[in-house]
Amino acid sequence: MRARQLNHLWLLISLGAILMVSAVRILTGAHGIDSIGTIRAAIIATCPILMAAIGGLWSERAGVVNIGLEGQMILGTWGAAYFTYYYGPWVGVFGAALLGAVGGLLHALATVTFGVDHIVSGVAINIIGLGASRFLAEAYFTDLEGGGIKQLTGLETPTRVTIPGISDGAEYLADKHWFLVSDLASLVGAMTTDLSLFTVLVAALVIASAWILWRSTFGLRLRSCGENPAAAESLGVNVYRYKYAAVVVSGAMAGIGGGFLALVSSSGFTTGQTNGRGFIGLAAMIFGNWRPGGTTAGALLFGYTDSLQLRDSTSVHALLLIVGIGLVALALWRLRQGKTTTAIVMGALGVAFLVWFLTTDSVPKEFAGMTPYIATLLVLALAAQRLRMPAADGLRYRRGQSI
Amino acid sequence: MNALRRLGASLLAPVIAVVVAMIITSLVISLSGSSAGDFWSVIFSRPVDRAIVNIVNQTSLIYISALAAAIGFRMNLFNIGVEGQYTLASYAAATLAGAALFPGLLNVVLPLLLAVLVGAIWAGIAGLLKVTRGVSEVISTIMLNAIAITLVGYLLNKYGVHVGNGVRSTVIPESSRLDGWTFFEASDGPVWTLATLALLLGVGFWVLLNKTRFGFDLRATGMSQSAAVASGVNVNKMVVVSMLLSGAIAGLIWMPSFFGAAHSYGTAFQAGLGFTGIAVALLGRNQPVGIIFGAVLFAFLNEQSNRLTLETDISVNVVQITQGTIVLAVVVAYEVVRRYRTKLEQRTVAEELAGQRQPAPSERATT
């Protein structure tokens, strides 16, 4: 019953958001804010972050903080490049997962078997991952065609599909710039035009992860290790084994995210191309309250703003209006709940954004790049009390010891 | 005897770690088809004079960065935002110094203070968010990092001086430069004046932590928050103050290099020191003396590895693998040594108990 109410709420919020975006688009004439191209770019930007975030979810739900996601992701970019070069893109995806899993295994070995502080191990894995990918690139890619000491370009990319009838129709409708209809058409169009099958795989992995973690016995046991490992052990759960499984899968997921970067987001491997996305994934997961739905929403937020800054500046300017309206709406909602202080803070910020929108004509594109980070800070500042991480997250667990 | 044994035990773990890291590095090099022997002979050869100067200078930067991270770690706070704090602080200080509003040394002191202030404020935001709104400092500082780096990029682009392809802040006047002391030939470069800042901060850190009420409270809170609260420590205040301190120190990280060699904020800015500092702080167990060893080790490896490109076919990047492995191996080794000692103690106690089964009460009192 409660779950259904919650779904209802999400549906309403999504619908409200689409209506708002649509209205802003008509008002400002910034049709770029949800054109097919923008949404396509947003999806491509979202996928790597989302995979890192889902990786974080696996690990933290089993009670292991995985700050090494960045390093595992970097290993994934190398793995994808190496295996794609020799065996084609789908083996490349597997290679990305494999290399990421190796990073995960290292983290599991340090944190589970040796009981090392999770943060220390994660920091070390980030250093090792970056160093290893650079070292391996120099050792294996220098003499290849399209390769260099820092890159391997011209890789084959996973199949892209376009669904003929729907794609054209959606594009036609989207170009009409009608209220609401064109926005929905853009969404459909983005998902039916030149869609990489890797993106479909990412979606499938997210859904599968959510199902395994929340609907299967295995997932229940895994999450019990993150909440109360001693109790889980007393019920016959092999906590070490579950933690190992979770952290290795976590690394594999982050690795696949890295693979996406190398095979779909760009035309090949370059060292350091993850550029902090592992950390952003971690932030998206916390933003999403350690749950798959929220995590996906967080990743979408980061992905959307990440892609928008590369596009036209009028869209970025229109974003101010969206943020302003959103904040005012949230403020009103909080006011109804009786949270006057937060409502005032949010309302003031919202009005500030609206004033900014009305008094300027354009926004430096750097500011669009900052939006997701500021938004995350705001959301956390206003809702952090409602976030709850797994109770035993980040704690050391030794079999047979109470602490 | 006891002290000696304790010293031996505390050295055991780092020694094991370095040996393990050496073995793993050798393996990686051998597997990629190069000679591990070449690598070690380059790394362990005597650094040239110029390299020694660089090692000292780099050690000072890494050391300051590690102190900034360590003060948080001692409180169980993870200030991952050192990177953003020193980026923003460096830019602010460079801009003020470049404007040359003040004469001579005043144009050094005031920018330094500004760097401290900016670093502290940027870290303070995370501290305030943590105590007032319960936001994890790990996440807020990651966000603040991204914001700071983007902000500096924007400001530099807009107000900086465009030279060729690059952009930089205004170069500071001759009178504000603090080049330092030349120990070798002039071409080997000087040891920066402000490298001494690292020493001062290190001593200050030790005094603060071990000789003041604040330091005691800080360590107590780090070890057990509930115990600290019970003894009257205001944890919220401690969180904010330690974040402010951490950020204040972070603000100074790049200053020796800025006043000594770079003279402007631009391509000469050295990014990434914040993350190196975190690793070194962990390596040095967050102790001011331990961190010195960590900082020297990292600076030494970085500098010596530059010769790999010229003298061998081994990639410079292998050093990063070595560094990461050392960090990981040290903590693992500490844990293994700790477990071994616990087991040893348990056995000793068990043996002693077995040996003196049921001694008379009077006997027990005398021993």
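Keep in mind that what you see is a predicted model, and the values were worked out from it rather than measured. All chains are named by letter (A, B, ...) in the order of the sequence lines, taking the proteins before the strands, and each is independently numbered beginning at 1.
The number of heavy atoms from other shown groups lying within 6.0 Å of CD (B/Q225) does not exceed 12. When the shell of 6.0 Å around OH of A/Y240 is examined, it contains more than 12 heavy atoms from other residues, nucleotides or ligands.
Contact detail for B/V327 and B/F298: the closest heavy-atom pair is CG2-CZ, 4.0 Å.
If you measure heavy-atom distances from B/Y154 to chain A, the contacts under 4.5 Å come from both the backbone and the side chain. The part of A/Y140 that comes within reach of chain B is its side chain, from C-beta onward, which places non-hydrogen atoms under 4.5 angstrom from that chain. Interface remark: B/I321 contributes backbone and side-chain atoms alike to the contact with chain A (heavy atom separation under 4.5 Å). With a 4.5 angstrom heavy-atom cutoff, B/N157 touches chain A only via side-chain atoms. Only the side chain of B/I80 comes within contact range of chain A, with at least one heavy atom under 4.5 Å from a heavy atom of that chain. B/V336 touches chain A through its side chain: at least one heavy atom from C-beta onward sits under 4.5 Å away, while N, CA, C and O do not. Of the atoms belonging to B/I142, it is side-chain heavy atoms, and not backbone ones, that fall under 4.5 Å from chain A. At a 4.5 Å heavy-atom cutoff, the contact between B/L31 and chain A is made by backbone atoms alone. The parts of A/L130 that come within reach of chain B are both its backbone and its side chain, each placing non-hydrogen atoms under 4.5 angstrom from that chain. Neither the backbone nor the side chain of A/T271 comes within contact range of chain B, judged by heavy atoms closer than 4.5 Å. For B/V330, no part sits under 4.5 Å from any heavy atom of chain A, backbone or side chain. In this structure, the portion of A/A139 lying under 4.5 Å from any heavy atom of chain B is its side chain and not its backbone. Contacts between B/L129 and chain A at a heavy-atom distance below 4.5 Å involve the side chain alone, from C-beta outward. Contact annotation for A/I149: neither backbone nor side-chain heavy atoms come within less than 4.5 Å of a heavy atom of chain B. Contact of A/V123 with chain B is made through the side chain alone, with heavy-atom distances under 4.5 Å.
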(request) Output, in order, the C-alpha distance, side-chain angles, deciding distance and verdict of side chain to side chain contact (heavy atoms under 4.5 Å, CB included) for A/S59 and A/V65. (result) CA-CA 7 Å; A/S59 161; A/V65 172; over 6 Å; no
(message) I'd like to know whether B/E335 forms a salt bridge (Lys or Arg N to Asp or Glu O under 4.0 Å) with B/R339, so could you lay out the CA-CA distance, the side-chain angles of the two residues, the decisive distance to 0.1 Å, and finally the verdict.
(response) CA-CA 6 Å; B/E335 184 59 26; B/R339 279 187 201 171; 3.2 Å; yes
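Between B/E345 and B/R341 no salt bridge is recorded (no basic side-chain N to carboxylate O distance below 4.0 Å).
One side chain, B/N79 or B/Q85, offers a donor N or O that lies under 3.5 Å from an acceptor on the other. Checking B/D38 against B/T312 by side-chain atom types alone, no donor-acceptor pair falls below 3.5 Å. Between the side chains of A/S121 and A/H107, a donor-acceptor pair is found at a separation under 3.5 Å. A/Q72 and A/N126 share no donor-acceptor pair across their side chains, judged by distance under 3.5 Å alone. Counted by atom type alone, B/T25 and B/T322 present one or more donor-acceptor pairs between their side chains at under 3.5 Å.
Using a 4.5 Å heavy-atom threshold, the side chains of A/W290 and A/M285 count as touching.
Contact tally against chain A (heavy-atom pairs below 4.5 Å) for B/I326, B/I125, B/L328: the top residue is B/L328. Of the listed residues (A/I125, A/L109, A/V120), the greatest number of heavy-atom pairs within a distance under 4.5 Å of chain B belongs to A/V120. In terms of heavy-atom pairs under 4.5 angstrom with chain A, the leader among B/S34, B/G324, B/A126 is B/G324.
Ring geometry for B/Y86 against B/F269 counts as tilted: the plane angle lies between 30° and 60°, on a 0 to 90° scale.
To the nearest 0.5 angstrom, A/W78 atom CH2 is 14.0 Å from A/Q273 atom CD.
Inspection of non-hydrogen atoms places B/I278, B/A279, B/L282 of residues 273-282 of chain B under 4.5 Å from chain A.
Partners of A/Y244 according to the ring pair (Phe, Tyr, Trp, His ring centres under 6.0 Å) rule, which considers only residues two or more places apart in sequence or in another chain, do not exist here.
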